[in-house]
Amino acid sequence: MDHQHFEKKLLNEEQMTPEENRALQSHLHDCAICSALADANLALGNVTMVTPAPGFTNRFTARLAARRKAQKRRYFYGGLILLLSGTGLLLWFSFPTLSVFFSSPVTLLSTWASFIVSTISFLRVFSEVGRVLLNVATGFIPTSTLGFSLSLFSILGMLLIASSQKLFRQIQRI
Ligand SMILES: [Zn+2]
């Protein structure tokens, strides 16, 4: 019986015959590995399962619940702090606009109104230019191409009007 044999038996904690046991005892004197394995097996065999103290489950459940509650509270306050700081930051950045609005809402409204008026006048000029170009183009562009580009322009114009109305509504909502 060699080292491999004893090592396998010790690792698998297999039962040994009295003859094997005797051979093992003499082998343990020479082999440090098998000696360590035998010591470990002996130590593991002496370990007894510790039963938890009475009421352990209840205490564990209560502690878990308390920990969850504390975590929830932490999340709540963390979220609150985040929300407050975010709002503060937003106010800080929008302060110039807000201060203008609160100090003189008329100025802001007039700014919006002038923006709208300038947009409308731009559109008017744009359509005027388009009309002039159309008048010039009618001279040397075939009628079919003219019809096509006219419908294209009208679609573009409708889109432009729709988007400007949307913008106007958004500005009114602000
Ligand atoms: Zn050995």
Side-chain angles (χ1 to χ4, degrees), residues 1-105 107-109 111-112 114-116 118-119 122-123 151-153 155-174:
M1 280 174 271
D2 61 341
H3 164 75
Q4 293 265 297
H5 176 81
F6 291 122
E7 193 184 45
K8 185 170 158 272
K9 287 260 176 184
L10 285 168
L11 280 173
N12 297 325
E13 292 184 83
E14 285 173 30
Q15 281 287 326
M16 283 186 252
T17 61
E19 194 192 331
E20 278 180 319
N21 256 325
R22 266 195 300 278
L24 174 69
Q25 292 307 317
S26 64
H27 177 71
L28 289 179
H29 286 292
D30 309 327
C31 183
I33 296 168
C34 286
S35 176
L37 279 173
D39 282 348
N41 279 358
L42 200 70
L44 284 173
N46 287 334
V47 171
T48 49
M49 281 289 284
V50 179
T51 49
F56 169 77
T57 314
N58 289 338
R59 280 199 302 278
F60 181 75
T61 314
R63 207 179 302 161
L64 197 70
R67 200 168 291 178
R68 276 194 187 141
K69 209 171 166 184
Q71 197 176 35
K72 225 179 250 178
R73 208 180 304 137
R74 262 206 306 278
Y75 281 152
F76 173 73
Y77 283 115
L80 197 70
I81 287 165
L82 206 70
L83 189 76
L84 284 178
S85 53
T87 310
L89 218 65
L90 202 72
L91 280 175
W92 174 262
F93 279 116
S94 61
F95 182 70
T97 317
L98 282 179
S99 66
V100 166
F101 181 75
F102 283 121
S103 63
S104 54
T107 313
L108 199 69
L109 287 177
T111 309
W112 280 341
S114 69
F115 170 71
I116 290 156
S118 64
T119 307
F122 168 76
L123 285 177
S151 53
L152 199 72
F153 268 119
I155 288 167
L156 279 175
M158 276 195 281
L159 281 175
L160 204 67
I161 286 163
S163 60
S164 67
Q165 273 177 346
K166 212 170 172 184
L167 189 76
F168 182 68
R169 245 177 276 130
Q170 271 177 351
I171 286 167
Q172 270 186 329
R173 215 177 298 140
I174 289 170

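In this text, all values refer to a predicted model and were calculated from it rather than measured experimentally. Whatever order the structure lists them in is the order used to number ligands and atoms, beginning at 1.
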Which heavy atom of [X] sits nearest a heavy atom of [Y], and at what distance?
X: His27; Y: Cys34; answer: NE2-SG, 3.4 Å
X: Asn41; Y: Leu10; answer: ND2-O, 2.8 Å
X: Lys9; Y: Gln15; answer: NZ-O, 3.5 Å

Return yes if a side-chain donor-acceptor contact under 3.5 Å exists between Glu14 and Asn12, otherwise no. yes

Within a 6.0 Å radius of atom CG on Leu11, are there more than 12 heavy atoms belonging to other residues, nucleotides or ligands?
yes

Under 3.5 Å, side-chain donor or acceptor atoms of residues 62-86 against the rest of the protein: list the pairs with distances, not counting sequence neighbours.
from: Ser85; atom 1: OG; to: Ile81; atom 2: O; distance (Å): 2.8
from: Ser85; atom 1: OG; to: Leu82; atom 2: O; distance (Å): 2.9

Nearer than 2.8 Å to the Zn ion (ligand 1), the protein contributes N, O or S atoms numbering 4

